[in-house]
Engineer: 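Before I ask anything, let me first share the structure, which is written out below as structure tokens.
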Amino acid sequence: MRRVLILGATGSIGQQALDVVQRNDELTVVGLSAGTKWEQLVELARQHGVSRIALADEYAAAKASESWTGGDVLSGPDGLIRLIAETECDIVLNALVGSAGLGPTIAALGEGIDLALANKESLVVGGDLVTQLAEGTGAQLLPVDSEHSALFQLVAGERPGTVDKLVLTASGGPFRGRSKSDLAAVTVEQALDHPTWKMGGKITIDSATLMNKGLEVIEAHHLFGFDYDAIDVIVHPQSIIHSLIQLNDGSTLAHLGYPDMRVPISYALNHPSREDVPLRPLDLAELGSLTFEQPDRDAFPCLRIAEAAGRAGGSAPCVMNAANEVAVEAFLRGEIPFNGIPALIERTLETVAAPPIGHFFQLAELDEEARVKARELLAEIPV
Ligand SMILES: NC(=O)c1ccc[n+]([C@@H]2O[C@H](COP(=O)([O-])OP(=O)(O)OC[C@H]3O[C@@H](n4cnc5c(N)ncnc54)[C@H](OP(=O)(O)O)[C@@H]3O)[C@@H](O)[C@H]2O)c1
């Protein structure tokens, strides 16, 4: 029986992970966390027989403690870290959103616990340090992002030196094919209407700007140790091919399937075995055709900005990620237009120095500094 701790249990990935665990006799949940949704978290703890939960929000944790007598409620960001360190578990699923996921990633890997990582921001912000930590403690880093899960499976079958290129597919999001001027007036509602994936709000906006693909390029660089020149992005609107690898003999291997996050979640939680997921087999004749196009980095500059921050390396991706989180929140509140998102990120990167970083606490300080600056710069973004 593999004991699973699910961080971000009330979110889109967290809910699908609970579905995967419930269908599998070899997996059991031993701890759950959320940010603020304490009523939902307590209900999930009851349903899954869990006796340890954590809420990052202290008020929410206090409310949960008052109303639930079924177990321990840990509170605040430290409560999440204690949940990881003090609950006996075999694997942690980090499904938090944003750079708030970095602390739990460090805690799990630092304890030598295998980590199923949906929280791509952990690797964007602290990639070099996170991968060094995993190597140091021997904990496994198992990607949950569908593209990286696909690459993980494809690369595993090849000898070192034979994979020339990683190719990440992108759906293109709801605004694929639009020009920069078309994008000037798109609404929050339109941006949240993703054509192929149903996800949390932040990643859905990141998918609309193509920042999500930029974050994934940086994530792939850290997970697989490939140079940025050897990581390509191709737009594939049907989201059937999850990624490809190009090999030294001219072959290309691809990973295909209907878009359903339970597949990569199940793969990460059960690794190295592969367990049943209730999905119908792929019907290529019914699909008829799969199409591909180059991403438009002029209309969607976030992809270009993220690739450049990745190449710059060091702490540039940390600054970029913080600015993106501030920009997405501001867009969702209606404070800046869609094209204001890349504009704010570029202004923040021009303003905040990205020094070499040697320790995780320096990343947390830089993340905070970049957020403060990005919030000030919001006033400069034309509405
Ligand atoms: N959704 C997908 O299909 C998908 C696919 C690939 C990768 N990912 C990645 O997976 C991660 C999660 O995405 P999601 O779509 O599942 O997000 P989501 O639906 O917004 O869920 C986020 C979860 O994190 C919790 N949370 C939010 N802020 C927190 C904080 N400061 N401290 C502690 N907990 C916090 C939320 O709790 P409350 O509910 O209480 O707010 C919720 O449980 C992201 O990094 C995303 O890029 C998602």
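One-based numbering along the sequence shown. Both backbone and side-chain heavy atoms feed into the values below; hydrogens, waters and symmetry mates do not. Ligands are counted one by one from 1 in listed order, and the atoms in each one are counted from 1 as well.
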Engineer: Tell me whether T10 has any N or O atom under 3.5 angstrom from an N or O of ligand 1.
Structural biologist: yes
Engineer: Is G200 in polar range of ligand 1, meaning some N or O pair under 3.5 Å apart?
Structural biologist: yes
Engineer: Is the shortest side-chain N to carboxylate O distance from E275 to R23 below 4.0 Å?
Structural biologist: no
Engineer: Side chain or backbone, does W197 bring an N or O within less than 3.5 Å of an N or O on ligand 1?
Structural biologist: no
Engineer: Do ligand 1 and M261 have nitrogen or oxygen atoms that lie under 3.5 Å from each other?
Structural biologist: no
Engineer: Quick test: of every protein heavy atom, which one is nearest to atom 21 (O) of ligand 1, and how far off is it to 0.1 Å?
Structural biologist: G11 CA, 3.2 Å
Engineer: Looking only at the side chains, is there a donor atom on one of N119 and E121 sitting less than 3.5 Å from an acceptor on the other?
Structural biologist: yes
Engineer: Could you tell me, atom by atom, which parts of ligand 1 come under 4.0 Å of a heavy atom of I203?
Structural biologist: 4 (C), 5 (C), 6 (C), 7 (C), 8 (N), 15 (O), 46 (C), 47 (O), 48 (C)
Engineer: When you measure from the side chain of T169 to the backbone of I241, do you find a donor-acceptor pair of N or O atoms at a distance under 3.5 Å?
Structural biologist: yes
Engineer: Could you pull out the closest heavy-atom pair between L332 and V188, with the gap in Å?
Structural biologist: CD2-CG1, 3.8 Å
Engineer: Where is the nearest protein heavy atom to atom 29 (C) of ligand 1: which residue, which atom, and how far?
Structural biologist: G35 CA, 4.4 Å
Engineer: Would T36 count as a polar contact of ligand 1, with the cut-off being nitrogen or oxygen pairs under 3.5 Å?
Structural biologist: yes
Engineer: Looking only at N/O atoms, are E121 and ligand 1 under 3.5 Å apart anywhere?
Structural biologist: yes
Engineer: Using distance alone, determine whether A56 and ligand 1 share an N or O pair under 3.5 Å.
Structural biologist: no
Engineer: Using a strict 4.0 Å threshold on nitrogen-to-oxygen distance, state whether K202 and D206 make a salt bridge.
Structural biologist: yes
Engineer: When you measure from atom 3 (O) of ligand 1 to every protein heavy atom, which one gives the shortest distance, and what is it?
Structural biologist: M199 CG, 3.2 Å
Engineer: Pick one of side chain, backbone, both or neither for how A95 approaches ligand 1, counting any non-hydrogen atom pair under 4.0 Å.
Structural biologist: backbone
Engineer: Answer side chain, backbone, both or neither: which part of A118 comes under 4.0 Å from ligand 1, heavy atoms only.
Structural biologist: both
Engineer: Return the residue, atom name and 0.1 Å-rounded distance of the protein heavy atom closest to atom 1 (N) of ligand 1.
Structural biologist: S12 OG, 3.1 Å
Engineer: What is the closest protein heavy atom to atom 47 (O) of ligand 1, and at what distance does it sit?
Structural biologist: K120 CE, 3.1 Å
Engineer: Ligand 1 and L80, any nitrogen or oxygen pair closer than 3.5 angstrom?
Structural biologist: no
Engineer: So, regarding I13 and ligand 1 (criterion: nitrogen or oxygen to nitrogen or oxygen, under 3.5 Å), is there a contact or not?
Structural biologist: yes
Engineer: Evaluate the ring planes of F152 and F224, with Trp represented by its six-membered ring, and classify them as parallel (under 30°), tilted (30 to 60°) or perpendicular (over 60°).
Structural biologist: tilted
Engineer: Are E307 and R304 within salt-bridge range, i.e. N to O under 4.0 Å?
Structural biologist: no
Engineer: If you measure from atom 30 (C) of ligand 1 to every heavy atom of A100, P77, P259, which option wins on shortest distance?
Structural biologist: A100
Engineer: Measuring from atom 28 (N) of ligand 1, which candidate in L123, V97, I265 has the nearest non-hydrogen atom?
Structural biologist: V97
Engineer: List the steps and the verdict of side chain to side chain donor-acceptor pair (under 3.5 Å) for E216 and N212.
Structural biologist: CA-CA 6 Å; E216 289 179 6; N212 184 49; 3.0 Å; yes
Engineer: Over 60° means perpendicular and under 30° means parallel, so tell me whether H242 and W197 are parallel, tilted or perpendicular.
Structural biologist: tilted
Engineer: Could you tell me whether ligand 1 has any atom less than 4.0 Å away from a heavy atom of K202?
Structural biologist: no
Engineer: Any N or O of Q16 that comes nearer than 3.5 Å to an N or O of ligand 1?
Structural biologist: no
Engineer: Salt bridge (Lys or Arg N to Asp or Glu O under 4.0 Å) between R311 and D229: does it pass, once the steps are laid out?
Structural biologist: CA-CA 9 Å; R311 283 176 193 272; D229 285 341; 2.8 Å; yes
Engineer: Flag the pair K120 / E147 as yes when at least one side-chain heavy-atom distance between them is below 4.5 Å, and no otherwise.
Structural biologist: no
Engineer: Going by an N to O cut-off under 4.0 Å, is there a salt bridge joining K165 and D232?
Structural biologist: yes
Engineer: May I ask you to test the Y267-V144 pair for a side-chain heavy-atom distance under 4.5 Å?
Structural biologist: no
Engineer: For S122 and G101, which heavy atoms make the closest approach, and how far apart are they?
Structural biologist: OG-O, 3.3 Å
Engineer: State the atoms of ligand 1, each with its element, that fall below the 4.0 Å cut-off from a heavy-atom position in D145.
Structural biologist: 6 (C), 7 (C)
Engineer: For atom 44 (C) of ligand 1, what is the closest protein heavy atom, and at what distance to 0.1 Å?
Structural biologist: L96 O, 3.6 Å
